[in-house]
Amino acid sequence: MEFNPNNNVVKLCLQGMGMEEKGKPEEASKLFLQAWNEATHDFEKFISAHYVARYQKNISDKLKWLETALQFALKIKALQYLLC
């Protein structure tokens, strides 16, 4: 899977990380959730779910998002094996 910095979901996640660096967690969280809502394939869903997980207020919600990210990561890995 190629990491494309021109991908809109990747751009949103990068912007979110920029907001983190500026000490603006609410703005970062909104950008990560926007990335999730705009994700259309497994890689985009994996990366955005990972970042959404970081901003969950309680452990059970964080775990849910991490499990979601893991499921999409496993789909990506399985696809890579099928293509080889």
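These numbers come from a predicted model, not from an experiment. Residue numbers count from 1 along this sequence.
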**Q** Output the distance between atom CG (N7) and atom OG1 (T40), rounded to the nearest 0.5 Å.
**A**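 The OG1 atom of T40 is 7.5 Å from CG of N7, to the nearest 0.5 Å.
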**Q** Working to the nearest 0.5 Å, report the span between CE of M19 and CG of L14.
**A**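 M19 atom CE to L14 atom CG measures 12.0 Å (nearest 0.5 Å).
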**Q** Using distance alone, with no hydrogens and no angle criterion, decide if Q34 and E38 have a side-chain donor and acceptor under 3.5 Å apart.
**A**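 The answer is yes; a qualifying pair exists.
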**Q** Please round to the nearest 0.5 Å and tell me the distance separating atom CH2 of W65 and atom CG of L70.
**A**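 Rounded to the nearest 0.5 Å, the CH2-CG separation comes out at 14.5 Å.
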**Q** Indicate yes or no: at least one non-hydrogen side-chain atom of F72 is less than 4.5 angstrom from one of T68.
**A**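 Heavy-atom side-chain distance check passes, below 4.5 Å.
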**Q** Do V9 and L31 land in one hydrophobic cluster if side-chain heavy atoms of ILVMFWY residues count as linked below 4.5 Å?
**A**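 No, it is not one cluster - the side chains of V9 and L31 are not joined through contacts under 4.5 Å.
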**Q** Side-chain polar contacts of residues 48-63 - donor-acceptor pairs under 3.5 angstrom, sequence neighbours left out - could you list them?
**A**
from	atom 1	to	atom 2	distance (Å)
S48	OG	E44	O	2.8
S48	OG	K45	O	3.4
R54	NH2	E20	OE1	2.9
R54	NH2	E20	OE2	2.7
Y55	OH	E20	OE2	2.7
Q56	NE2	V52	O	3.0
N58	OD1	S60	N	3.3
N58	OD1	S60	OG	2.9
N58	OD1	D61	N	2.8
N58	ND2	D61	OD2	3.1

**Q** My understanding is that a hydrophobic cluster links ILVMFWY residues whose side chain heavy atoms are under 4.5 Å apart, including indirect links. Using that, what else belongs to the cluster containing L66?
**A**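 Listed partners: none, L66 stands alone.
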**Q** Check the orientation of F43 and H41. Use parallel for under 30°, tilted for 30 to 60°, and perpendicular for over 60°.
**A**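 Because their plane-to-plane angle is under 30°, the rings of F43 and H41 count as parallel.
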**Q** Answer whether the closest heavy-atom distance between the side chains of L12 and F32 falls below 4.5 Å.
**A**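 In short, these two side chains do not touch, never coming nearer than 4.5 Å.
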**Q** Test: side chain to side chain donor-acceptor pair (under 3.5 Å). Region: residues 23-32. Which pairs qualify, not counting sequence neighbours?
**A**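 Qualifying pairs: none.
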